[in-house]
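First up is the structure itself, then whatever we jot down about it.
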Amino acid sequence: RPAPGSVAEHEAAHVVAAGRIVSATINPSGDALGTTRPVEMTAAAAAAPEALGHDGTGWDMYITEHILGVDPGVAKSAARSALSGREEEMHEVATILQERGTIGQSDVEEARQNVRDRRQGIFPVRIEIQSPDGKSTAYVTNSFRHEVKISGLQKTA
């Protein structure tokens, strides 16, 4: 999986603080390197990247102060509170955003499920089996507490 870039991490902070989104993208548009469209714009969601020290937050803070009418310090404090303990979720959202370029709420739910799975010891694995004649077959499944069940493997291309 790709390491998330700074734009994906910035947008992931908006996404996680917002809770529910229409979409988020790391595809540049106009002056923006990425955008997030939350279901409901809150000051905490707008100020989230600034609260975490990300770059490119001028427009975010303009929205916070001049459109939403919230003191930047108050908004950043609310964002830090909303994001506290959610670093894994932000990283997973950023990773999926980096992989796909644009995401919606279903992708956010997938990211949250991936984090829950990892906390329970469930990890995706890819297994390649090479036969004596040199043919290679790949399978994708999940491990559970470092064990992989061979039955039920799904063949990949």
Side-chain angles (χ1 to χ4, degrees), residues 1-126 138-146 148 152 154 156-157:
R1 299 184 74 191
S6 61
V7 176
E9 289 175 343
H10 175 117
E11 298 308 325
H14 286 307
V15 169
V16 173
R20 297 195 46 79
I21 64 163
V22 175
S23 65
T25 185
I26 58 171
N27 298 323
S29 176
D31 291 336
L33 297 176
T35 57
T36 296
R37 291 180 47 216
V39 170
E40 179 184 353
M41 176 61 77
T42 65
E50 172 80 11
L52 298 178
H54 291 283
D55 293 332
T57 60
W59 180 247
D60 299 335
M61 297 314 294
Y62 179 85
I63 289 172
T64 300
E65 187 171 6
H66 299 287
I67 295 177
L68 298 173
V70 177
D71 176 82
V74 171
K76 290 190 287 186
S77 178
R80 282 189 289 274
S81 178
L83 298 173
S84 178
R86 299 177 76 185
E87 293 80 11
E88 281 182 89
E89 183 181 343
M90 279 188 290
H91 181 76
E92 186 64 19
V93 167
T95 300
I96 290 175
L97 192 50
Q98 190 69 45
E99 289 172 337
R100 300 177 187 169
T102 300
I103 62 171
Q105 187 61 36
S106 63
D107 301 293
V108 176
E109 296 305 327
E110 178 186 338
R112 289 177 179 148
Q113 185 61 51
N114 291 347
V115 170
R116 285 190 294 269
D117 286 350
R118 278 197 298 272
R119 287 180 179 166
Q120 293 177 31
I122 301 169
F123 294 89
V125 293
R126 183 170 193 255
Y139 297 92
V140 174
T141 188
N142 288 321
S143 68
F144 180 66
R145 296 187 178 152
H146 308 293
V148 176
Q154 296 176 359
T156 64

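We use all heavy atoms of the structure for the numbers below, so side chains are in, but hydrogens, waters and symmetry mates are not.
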Holding to side chain to side chain donor-acceptor pair (under 3.5 Å), I want the full list of residues that pass it with R80, two or more places apart in sequence or in another chain. none
Measure across [X] and [Y] and return the closest heavy-atom pair with its distance rounded to 0.1 Å.
X: A79; Y: A51; answer: CB-CB, 3.9 Å
X: L68; Y: A46; answer: CD1-CB, 4.4 Å
X: M90; Y: A13; answer: SD-CA, 4.0 Å
X: A44; Y: A17; answer: O-CB, 4.0 Å

Donor-acceptor pairs under 3.5 Å, side chain of residues 91-102 to any protein atom, not counting sequence neighbours: which ones?
residue: E92; atom: OE1; partner: R1; partner atom: NH1; Å: 3.2
residue: E92; atom: OE1; partner: R118; partner atom: NH1; Å: 3.2
residue: E92; atom: OE1; partner: R118; partner atom: NH2; Å: 3.1
residue: E92; atom: OE2; partner: R1; partner atom: NH1; Å: 2.9
residue: E92; atom: OE2; partner: R1; partner atom: NH2; Å: 3.1
residue: E92; atom: OE2; partner: N114; partner atom: ND2; Å: 2.8
residue: T95; atom: OG1; partner: H91; partner atom: O; Å: 2.8
residue: Q98; atom: OE1; partner: G5; partner atom: N; Å: 2.8
residue: E99; atom: OE2; partner: R1; partner atom: NE; Å: 2.9
residue: R100; atom: NH1; partner: D107; partner atom: OD1; Å: 2.6
residue: R100; atom: NH1; partner: E110; partner atom: OE1; Å: 3.0
residue: R100; atom: NH2; partner: E110; partner atom: OE1; Å: 3.3
residue: R100; atom: NH2; partner: E110; partner atom: OE2; Å: 2.9
residue: T102; atom: OG1; partner: T25; partner atom: OG1; Å: 2.9
residue: T102; atom: OG1; partner: N27; partner atom: ND2; Å: 3.2

Test log, rule side chain to side chain donor-acceptor pair (under 3.5 Å), inputs E109 and Q105: CA-CA 6 Å; E109 296 305 327; Q105 187 61 36; 2.7 Å; yes
Which distance, rounded to the nearest 0.5 Å, do you find between the [atom1] of [X] and the [atom2] of [Y]?
X: L33; Y: I26; atom1: CG; atom2: CD1; answer: 10.0 Å
X: L52; Y: H14; atom1: CG; atom2: NE2; answer: 10.5 Å
X: W59; Y: T64; atom1: CH2; atom2: OG1; answer: 10.5 Å
X: R20; Y: E40; atom1: CZ; atom2: CD; answer: 11.5 Å

Set of residues satisfying salt bridge (Lys or Arg N to Asp or Glu O under 4.0 Å) with respect to E65, sequence neighbours excluded: none
Might you work through the side chain to side chain contact (heavy atoms under 4.5 Å, CB included) test for T57 and H10, ending with a clear yes or no? CA-CA 9 Å; T57 60; H10 175 117; 3.8 Å; yes
D60 and H54: side chain donor to acceptor below 3.5 Å: no
More than 12 non-hydrogen atoms from neighbouring residues, nucleotides or ligands closer than 6.0 Å to CZ on R116, yes or no? yes
Side chain to side chain, [X] and [Y], heavy atoms closer than 4.5 Å:
X: V70; Y: T42; value: no
X: D117; Y: F123; value: no
X: R112; Y: E89; value: yes
X: D55; Y: S6; value: no

